[in-house]
Structures are given as C-alpha cells and as structure tokens.
2 protein chains.
Amino acid sequence: MKRSSASLPILTEAPQRAERADAVANRRRILATAEKLFAKRGVANVHMADIAKAARVGQGTLYRHFANKGELCLALLDAQMAEFQDRTLSTLREMSARRERKLEQLLWFLDAVVRFNARHAPLLCAAQREVMVPESPTGAPFQWQRLTVVGLLQGAERDGEIEAGLDLPAIADVLLAPTHPPVFNFLHVASGYTLDRISAAIQQVVRGLGCR
Amino acid sequence: MKRSSASLPILTEAPQRAERADAVANRRRILATAEKLFAKRGVANVHMADIAKAARVGQGTLYRHFANKGELCLALLDAQMAEFQDRTLSTLREMSARRERKLEQLLWFLDAVVRFNARHAPLLCAAQREVMVPESPTGAPFQWQRLTVVGLLQGAERDGEIEAGLDLPAIADVLLAPTHPPVFNFLHVASGYTLDRISAAIQQVVRGLGCR
DNA sequence: TAATTTATCGGACACCTGTCCGTTTGTCAA
DNA sequence: TTGACAAACGGACAGGTGTCCGATAAATTA
C-alpha cells in the first residue's frame with residue numbers, strides 16, 4: 001500500500017494526477033481528529049483504531065495516509081517544526097549579523113532545541129522511530145538541526161574558536177544525542193532533570209570545546 | 001502476575017520459599033532456547049510465542065519469568081554485563097594504581113562502553129525500554145556505568161584536570177547519551193558511523209573538558 | 001451525459017504482545 | 001505415605017498494530 005506523499009514526480013513516470021478531493025479532506029480530518037484526541041487523553045492513550053473511528057474513516061484509509069502512529073505524530077508537528085526552523089535560522093542570521101561568536105550561537109541553538117523537544121515530548125516520543133531513520137521516506141525531520149550544528153562548528157573552527165581538525169559532523173551528533181526523544185525523555189522524565197539542567201550540561205560540554 | 005525475582009526478602013514478610021525446581025529448570029530452558037533462536041534468526045525476528053513453543057512452555061510461563069522480551073534479553077546479557085563490569089572496574093583500578101590521569105581513564109572507559117554496546121547491539125536494542133527505566137524492578141542495568149563516569153569526572157575535578165563547579169552528574173549523562181541503545185544504533189547503523197569514529201568523537205568532546 | 005479508469009476506500013483478518021484463571025504439580029508437614 | 005498449600009503451569013483470550021483486497025467513487029474522456 002503506497003503512502004500519500006508530497007514527493008516530486010519522477011522524471012521517467014507519467015505526470016501524477018492531483019490527489020483526490022476526498023483523500024485531501026480525509027487526511028485533514030484524520031489530523032484534526034487525532035490532535036483533538038491527543039489533547040484530551042494524551043498521545044500514548046489514543047490508539048490508531050480510536051482515531052479512525054472518531055474520524056469516521058476505515059483503518060485502511062488511516063494507514064494509507066500515515067504508515068504508523070509515529071508518522072501521524074510527525075505530520076502533526078509539521079507546522080510547528082517548520083516555524084521553529086524558520087525562527088531559529090532567522091535568529092541565527094541576526095546573531096551572525098551582530099558578529100556574535102559561533103559558539104554563542106551554538107549554545108543558543110542547542111538550548112532552543114532542548115526546549116522545543118520538551119514542549120513536544122509526547123508527539124516526539126510517539127514518533128521516535130521515525131525521527132531516527134534518516135533515510136525514511138519522509139526524510140529525517142531533524143536533519144536540518146544536525147546540519148545547523150555542523151555549520152556552526154565549522155564556523156567556529158574557521159574563526160579559531162575551537163581547535164582545528166576535529167570530526168565536526170560526528171561531534172555534532174554527540175552533542176545532539178541528549179536531545180533525541182528517547183534519551184531526552186529518559187533524562188527529563190525518568191531521571192528527573194529539569195530542562196535548564198539538561199541544557200546547562202550540554203552547554204558546559206560545548207564550552208569545553210572552546211579554545212582558551 | 002508477579003515476576004520471579006532475585007530481590008532480597010523484605011523484612012516484614014515471611015521468609016520466602018526457594019524457587020521450585022521446575023521453575024528453575026524452565027527459566028534455564030527458556031533462556032537457552034531464546035539464545036539459540038536469536039543466534040539463528042536475529043533477535044528482532046524471534047517472537048515470544050516462538051520462544052515459548054520451542055522451549056515447550058506455555059506463554060503464561062514465559063511471561064511469568066520475564067515481563068517482556070526486553071527483560072529476557074537483559075537476562076541473556078547478565079553474565080556478559082557482570083563480566084564487563086568486573087573487567088572494566090578492575091582495569092580502572094590498575095590505571096589508578098599507575099597514576100594515570102582521570103581523563104585518560106574516562107576516555108578508556110567510554111571507548112570500552114561503546115565497544116560493549118556494539119557487540120551486544122541487537123539484545124540491547126530489544127531491551128532499550130528496560131535499559132532506560134532507572135526505577136525498574138530489575139534496577140537500571142547500566143547505572144554502574146553512569147556512576148563510574150561521575151566518579152571519574154569527580155576525580156578529574158579533584159586533581160585539577162577539569163574546571164571546578166561543573167554539573168558532573170548531568171555531564172556524565174550527556175557523555176553517555178550517544179551510547180544509549182537507540183541513539184547508538186542510529187549513529188552506527190542508520191548514519192553509518194564506524195565504532196572508531198563514534199568513540200573518537202566522544203573522546204574529542206571529553207578532551208575539550210580538560211584544562212589546558 | 002455516460003462510460004471508463006483507477007485512486008481511494010473500509011472492515012475483515014493476520015499477527016504479536018501480553019493477561020487471566022482454572023488446573024497441575026512441587027514441596028513440606030503430619 | 002497422604003494431605004494441604006500455594007507456586008507455577010498453559011492456553012484461550014483480549015487488545016493494539018498493521019495488511020489485504022474486493023468495493024466504491026472521484027476524475028477524466030468520449
């Protein structure tokens with residue numbers, strides 16, 4: 001069963017017909033219904049059959065639109081994630097224009113990521129498998145975050161803020177590791193860390209990278 | 001349904017009878033059967049009903065011994081984990097006796113953790129939920145690793161190897177974050193990092209903490 | 001407007017995890 | 001050895017995720 005998708009047409013195939021109106025409407029209604037049920041009962045307590053029933057669609061229809069609950073949760077996060085991306089990249093551009101140090105930008109950015117993840121923890125938790133598959137059909141939703149961290153580290157290297165020759169892509173992944181949904185929730189919920197404490201610890205580690 | 005458990009008797013309860021011989025034998029057979037099936041087909045492809053059937057026990061019996069597949073996988077790792085713990089703590093004691101710097105010990109330790117996790121990735125993956133619940137009845141299997149990292153960081157602080165006043169417990173969790181099963185597998189399998197590269201990146205971050 | 005094509009539908013079904021409770025059996029005491 | 005107790009058993013069953021495919025209906029063409 002193929003997923004509905006926003007992928008570009010492949011050049012060797014005939015042009016694809018626009019999505020049917022009923023499918024568009026069903027998808028919208030599914031998302032709206034899920035959002036309402038999640039708000040009312042919590043993401044983990046709402047099952048896919050509940051959503052299908054409440055949205056008045058069949059299970060096959062629900063799964064045709066969303067491969068699994070995680071994908072549905074990511075779809076629910078689409079707007080917030082796009083807005084978060086725009087806002088943070090815009091802020092980083094302003095910080096650059098003000099000639100703020102790259103490491104300061106990085107510190108700000110990682111703090112913003114921690115707070116975004118905390119605000120959306122239930123959905124991110126439900127979506128954790130999808131989040132962690134970079135080659136998934138929906139693309140890795142957080143790949144831009146990694147690219148941003150790599151870019152800032154490269155800038156910091158260029159500006160002499162950190163030592164040259166480090167493996168910056170891998171370091172970026174190490175720094176982002178605590179923000180991954182399962183680990184983040186382990187730290188925040190199970191281990192009882194406050195957001196500030198998680199963020200501060202990551203910042204202490206980042207500051208350690210700086211040349212002194 | 002209560003789990004069989006090696007927990008100490010609670011003082012307010014009557015002394016508990018030893019586990020029945022048939023239960024002991026069943027538990028052993030379940031573990032041996034699971035290990036064989038996992039080796040043959042891969043952890044993810046073997047289901048609990050498969051194990052029960054092959055071990056010639058009922059599903060109720062299987063779940064009486066192990067709350068879920070994760071707990072069964074952790075039980076399979078018991079011997080290796082105990083041995084890994086003994087060996088690494090012993091090596092760290094030797095390094096201390098040789099007056100090796102605490103950060104060097106930490107680097108060695110984190111590398112050992114990465115390699116242990118890689119070697120046991122399928123079981124750890126299946127057990128990820130159990131691994132990440134510090135208050136679980138089986139105790140957090142990797143709590144000793146965290147305590148070790150905290151201890152080494154405190155030693156490094158005391159010896160002036162790292163700056164004073166950092167939040168060492170939280171930093172320990174940040175440093176260990178990339179070794180958590182889901183993140184580790186994301187880096188190793190999905191992102192294609194080699195073990196050496198993951199380990200080296202963590203080490204670069206740790207070195208950054210050092211005073212220069 | 002009717003016929004054709006095919007995207008999309010939905011609900012019966014498969015599969016896996018995990019539960020429940022009547023039955024069996026290991027262990028101990030008499 | 002027998003009886004009592006309760007630990008342990010197992011398989012029918014429940015519940016949730018996800019699949020499958022014949023039926024329906026949106027969209028296009030004649």
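In the text below, chain A, chain B and the rest are named by the order of the sequence lines, each starting its count at 1.
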So which nucleotide from C:dG18, D:dA8, D:dG10 ends up closest to the side chain of B:Ala23?
D:dA8
Can a donor-acceptor pair under 3.5 Å be found between the side-chain atoms of B:Arg64 and the base atoms of D:dA8?
no
Looking only at N and O atoms, is any donor in the side chain of A:Arg20 or the base of D:dA27 less than 3.5 Å from an acceptor on the other one?
no
In whole angstroms, how far is the C1' atom of C:dT17 from the NZ atom of B:Lys53?
17 Å
Identify, with sequence neighbours excluded, every residue that meets side chain to side chain contact (heavy atoms under 4.5 Å, CB included) alongside A:Ala34.
A:Phe38, A:Ile51, A:Leu72, A:Leu76
In whole angstrom, give the distance that lies between atom CG of B:Asn68 and atom P of C:dC16.
17 Å
Is the shortest side-chain N/O distance from A:His47 to OP1 or OP2 of D:dG15 below 4.0 Å?
no
Step through the shown structure and confirm whether more than 12 heavy atoms of other residues, nucleotides or ligands are within 6.0 Å of CZ on B:Arg28.
no
Reading DNA chain C 5' to 3', what string of ( ), [ ], | and . shows its pairs, if Watson-Crick and G-U wobble pairs count only when both distances fall under 3.5 Å?
||||||||||||||||||||||||||||||
I need the CD-C1' distance between B:Glu130 and C:dT17, as an integer number of Å.
13 Å
Any side-chain N or O of B:His65 under 4.0 Å from OP1/OP2 of D:dA8?
no
So do the side chains of B:Leu106 and B:Gln203 get within less than 4.5 Å of each other, counting heavy atoms only?
no
To the nearest Å, give me how far apart CD1 (A:Ile51) and P (C:dG10) are.
15 Å
Residues in salt bridge (charged side-chain N to carboxylate O under 4.0 Å, His left out) contact with B:Glu94, at least two apart in sequence or another chain:
none
Distance, nearest 0.5 Å, that separates CG of B:Leu176 from CD1 of B:Ile171:
12.0 Å
Let's see if you can work this out: which of C:dT17, D:dA26, D:dT17 has an atom nearest to the side-chain heavy atoms of A:Asp22?
D:dA26
For A:Phe66 and D:dT17, what is the distance between atoms CZ and P respectively, to the nearest whole Å?
15 Å
Please name the pair of heavy atoms, one in A:Phe66 and one in A:Ile30, separated by the smallest distance, quoted to 0.1 Å.
CE1-CG2, 3.6 Å
For DNA chain C, whose closest nucleotide is more 5', that of B:Asp50 or that of A:Asn26?
A:Asn26
Atom CD1 of A:Ile30 and atom C1' of C:dG10 are separated, to the nearest Å, by 12 Å
Any side-chain N or O of B:Thr61 below 4.0 angstrom from OP1/OP2 of D:dG10?
yes
Nearest nucleotide by nearest heavy atom, which residue falls closer to the 5' end of DNA chain C, A:Gly58 or B:Gln59?
A:Gly58
Could you tell me how far apart A:Leu62 (CG) and D:dG16 (P) are, to the nearest whole angstrom?
15 Å
Whole Å only: how far is the CZ atom of B:Arg56 from the C1' atom of D:dG11?
17 Å
Parallel, tilted or perpendicular: which fits the ring planes of A:Phe142 and A:Phe116, with parallel below 30° and perpendicular above 60°?
perpendicular
